[in-house]
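Here the structure comes first, spelled out in structure tokens, and everything after it is commentary.
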Amino acid sequence: KLSVWLSGLVSFERAAEVMEQVGRIGTSRGSVWQQSSLWGSKFQAEEEKVQKMAAEVELRNGVVPGEEKIARRMGVSMDGGMIHIRGEGWKEAKIGCIFEVEQGIVVDEQTHEEIEAGRARHNTYVAHLGEPEAFGQKVWAEAKRRRWTSAADTQVVGDGAVWIWNLVAEHFYDSQQIVDWYHGKEHLAHAAELLHGEGTPATQRWLKEEETSLFQGHADEIAHRIRQRAQGKSCRDELLREAGYFEHNQHRMDYLEMRIQGWVTGSGMVESAAKQFKARLAGPGMHWSRAGAERLLPIRSAILSGRFHQVWHSAYNSPPL
């Protein structure tokens with residue numbers, strides 16, 4: 001158990017060193033890898049059990065019998081991080097975060113002052129190396145495990161990627177949707193540089209004015225202004241893509257209203273998780289077989305979710321694979 005737990009935190013070599021130096025347990029890198037591989041498969045089986053249970057609930061119209069709505073809010077956010085797979089190159093591991101929305105002190109994006117607003121708490125994670133459809137099933141299963149359907153209100157925070165909103169339309173269609181504020185600002189900054197040049201005073205002035213407009217929920221007006229300014233520009237196509245981004249996502253960009261309602265407006269919780277997955281699986285010189293990465297991902301997910309011991313207990317007492 002200790003060997004598997006450490007393998008989800010640090011490299012196999014370092015795990016063996018920690019066991020020797022701290023626990024006085026003599027082992028090798030190969031032994032840690034073998035245990036991680038064996039139990040990673042069992043952790044995968046536990047994830048599949050959760051998915052199967054979620055599917056059975058789905059057959060009952062998505063509601064657990066006798067379950068009532070309770071006065072709490074939940075949210076989901078999705079992102080990705082690159083892992084190097086031998087023979088395939090860099091591939092995206094998709095990360096999902098399920099969280100509870102609570103009121104707390106955050107830093108205001110406009111004034112940089114501390115204010116009370118919605119924030120993510122009690123986060124749990126799932127990860128998948130593969131296509132969005134299978135990942136969506138994992139995220140939905142984890143949401144069901146967290147009693148998503150009993151929450152009075154729910155939300156989804158994303159970066160605007162099409163695959164994310166496709167999954168939302170399939171699994172979280174009745175949730176509040178919002179494009180992460182930081183990604184919205186990134187697209188605005190890119191448009192500013194296209195219009196006025198990188199780092200110029202005109203760029204900074206335009207960006208400051210349009211950030212205020214974006215925060216107030218006027219993404220459609222921003223799209224219109226970018227389209228007007230794009231005419232005759234050598235970078236016209238790029239500007240039109242940025243205009244399309246704001247136009248397509250305008251209904252997900254009413255940041256001021258969402259903040260007033262107490263919703264989370266940033267995806268820091270899942271972006272931080274993506275970095276933590278990458279820290280273990282995308283460190284310097286790390287190259288994985290696809291099967292090896294897939295077996296380690298559920299171990300890492302369980303650790304970051306604070307559920308390693310619970311999942312281990314379930315896997316340990318499950319019938320042999």
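Counting from 1, the numbers follow the sequence of the chain as shown.
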Is any side-chain heavy atom of [X] closer than 4.5 Å to a side-chain heavy atom of [Y]?
X: L281; Y: L296; answer: yes
X: D159; Y: Y182; answer: no
X: R225; Y: E210; answer: yes
X: I299; Y: R295; answer: no
X: V76; Y: W148; answer: yes

Next on the checklist: Set out, in order, the CA-CA distance, both residues' side-chain angles and the distance that settles side chain to side chain donor-acceptor pair (under 3.5 Å) for Q261 and E257, then state yes or no.
Outcome noted: CA-CA 6 Å; Q261 293 179 14; E257 181 63 25; 2.9 Å; yes
Row check, [Y] ring normal vs [X] NZ/CZ: under 6.0 Å, within 45°:
X: R73; Y: W263; value: yes
X: R307; Y: F43; value: no
X: K94; Y: W163; value: yes
X: K42; Y: W39; value: yes

In terms of hydrophobic clusters joined by side-chain contacts under 4.5 Å, are [X] and [Y] together?
X: M286; Y: V10; result: yes
X: Y316; Y: V4; result: yes
X: M19; Y: V22; result: yes
X: L38; Y: F12; result: yes

Hey, is [X] close enough to [Y] for a salt bridge, meaning N to O under 4.0 Å?
X: K208; Y: E211; answer: no
X: E47; Y: K138; answer: yes
X: E238; Y: K233; answer: no
X: E102; Y: R72; answer: no

Next on the checklist: Apply salt bridge (Lys or Arg N to Asp or Glu O under 4.0 Å) to residues E88 and R290 and explain how you reach the verdict.
Outcome noted: CA-CA 9 Å; E88 300 181 41; R290 175 169 285 271; 2.7 Å; yes
Would you tell me whether [X] and [Y] have side-chain atoms, one donor and one acceptor, within less than 3.5 Å of each other?
X: T200; Y: T203; result: yes
X: T154; Y: S175; result: yes
X: E142; Y: T124; result: yes

Separation between [atom1] of [X] and [atom2] of [Y], rounded to the nearest 0.5 Å:
X: I98; Y: S305; atom1: CD1; atom2: OG; value: 10.0 Å
X: E100; Y: H122; atom1: CD; atom2: NE2; value: 5.0 Å
X: D237; Y: E242; atom1: CG; atom2: CD; value: 12.0 Å
X: Q216; Y: I222; atom1: CD; atom2: CD1; value: 9.5 Å
X: I164; Y: S77; atom1: CD1; atom2: OG; value: 7.0 Å

Next on the checklist: Show, in sequence, the C-alpha distance, side-chain angles and deciding distance for E221 and S213, and conclude whether the side chain to side chain donor-acceptor pair (under 3.5 Å) test is met.
Outcome noted: CA-CA 8 Å; E221 296 177 9; S213 183; 4.6 Å; no
Checklist entry - Can you check side chain to side chain donor-acceptor pair (under 3.5 Å) on K1 and H309, steps first, answer last? => result CA-CA 9 Å; K1 180 180 180 180; H309 301 292; 3.2 Å; yes
Checklist entry - Picking from E13, E20, E17, what satisfies salt bridge (Lys or Arg N to Asp or Glu O under 4.0 Å) with R29? => result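 The residue from E13, E20, E17 that satisfies salt bridge (Lys or Arg N to Asp or Glu O under 4.0 Å) with R29 turns out to be E13.
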